[in-house]
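Please read the structure below before turning to the comments.
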Amino acid sequence: MDNRPIGFFDSGLGGLTCIPYLMKLLPDEKIIYFGDTARTPYGSKATTTIRSFSMEIADFLVKSNVKMIVIACNTVSATCLQDLQHRFPMIPILGVIDPAAKKVADQCSEDNRIGIIGTKVTINSQAYKTCIHGYNDRLAIYETACPAFVPLIEEGIIENDIMDLTIKYYMDGFIRDNELDTVILGCTHYPLIKKNIERIYPNLRIINPSHIVGEDIMRILKERNMLSDGTDFENTFFASDLSENFINMIDYIFKDESEDMKVKFLNFDLERGEGMI
Ligand code: DGL
């Protein structure tokens, strides 16, 4: 048994999409979330920059005494999962790509035509393709980057025509030309536009890695006897820029959750490396 919180981080608010599902699966677990909202998006940055930001955040989470780190960001998972595991061997560190790749390999066959959408860094790394082919190299995989999705989502531009047009701009030709029947949301921000994608492409099967990772978190904690049996710790959300938008998006993402969920928001001072109220 281990009642310490689980640490999650992302370049911004996308990684929050992993949390409600985890809370349903493991209601006794508590979390510390870090969204690097001052430096988002990561998905078009150099890999050395992404690695150095990620090390800083993981260091902060380890100092905050988390029992496990979940990299709730495909871009970081594609760039430096192994570097982080190497630097912090004392706790389990899980990325979002491998759990999703395994699920895709379990659920899809060679008749499927599978598309992956993600940031430029994730798509250029071919991390999904490599990982899925590690489980089944006969699956047909197609990939495309959708770099405008994250800035729009961070701005809260979701349920409107601008987002729908942007989805069509990136996905119409991609789906048509490759005759796709399945799409993986290869960025943790994208579950926030899943409803738009479902409405525009009603016959497409959508795979959401933000949910799949919850099962792996449960498996790892069970295997190591690290599940929590209940604690008063308040779920804590740090942002390097604690904007109104970040807080509004948390309300939006957790709108279906229990009203008595205890939450604390803290602004993270990047220079001092600490949380401030
Ligand atoms: N949520 C991050 C991901 O899964 C977004 C990356 C970004 O900041 O561009 O890749």
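Counting starts at 1 for both ligands and their atoms, following the listed order.
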>> Regarding D229 and N3, do their side chains bring together a donor and an acceptor under 3.5 Å, going by distance alone?
In response: yes

>> Between D36 and S11, is there a side-chain donor-acceptor contact under 3.5 Å, judged purely by atom types and distance?
In response: no

> For K168, which residues count as a side-chain contact (heavy atoms from CB on, under 4.5 Å) partner, sequence neighbours excluded?
Replying inline: D172, I200, Y201

> Mind checking what residues have non-hydrogen atoms under 4.0 angstrom from ligand 1?
Replying inline: D10, S11, T40, P41, Y42, G43, C73, N74, T75, T119, V150, C187, T188, H189

> Taking the six-membered ring for Trp, are Y21 and H211 parallel (under 30°), tilted (30 to 60°) or perpendicular (over 60°)?
Replying inline: parallel

>> Using 30° and 60° as the class boundaries, would you call the ring planes of Y33 and F8 parallel, tilted or perpendicular?
In response: parallel

>> I'd like to know whether H189 forms a side chain to side chain contact (heavy atoms under 4.5 Å, CB included) with L13, so could you lay out the CA-CA distance, the side-chain angles of the two residues, the decisive distance to 0.1 Å, and finally the verdict.
In response: CA-CA 7 Å; H189 283 70; L13 49 83; 4.2 Å; yes

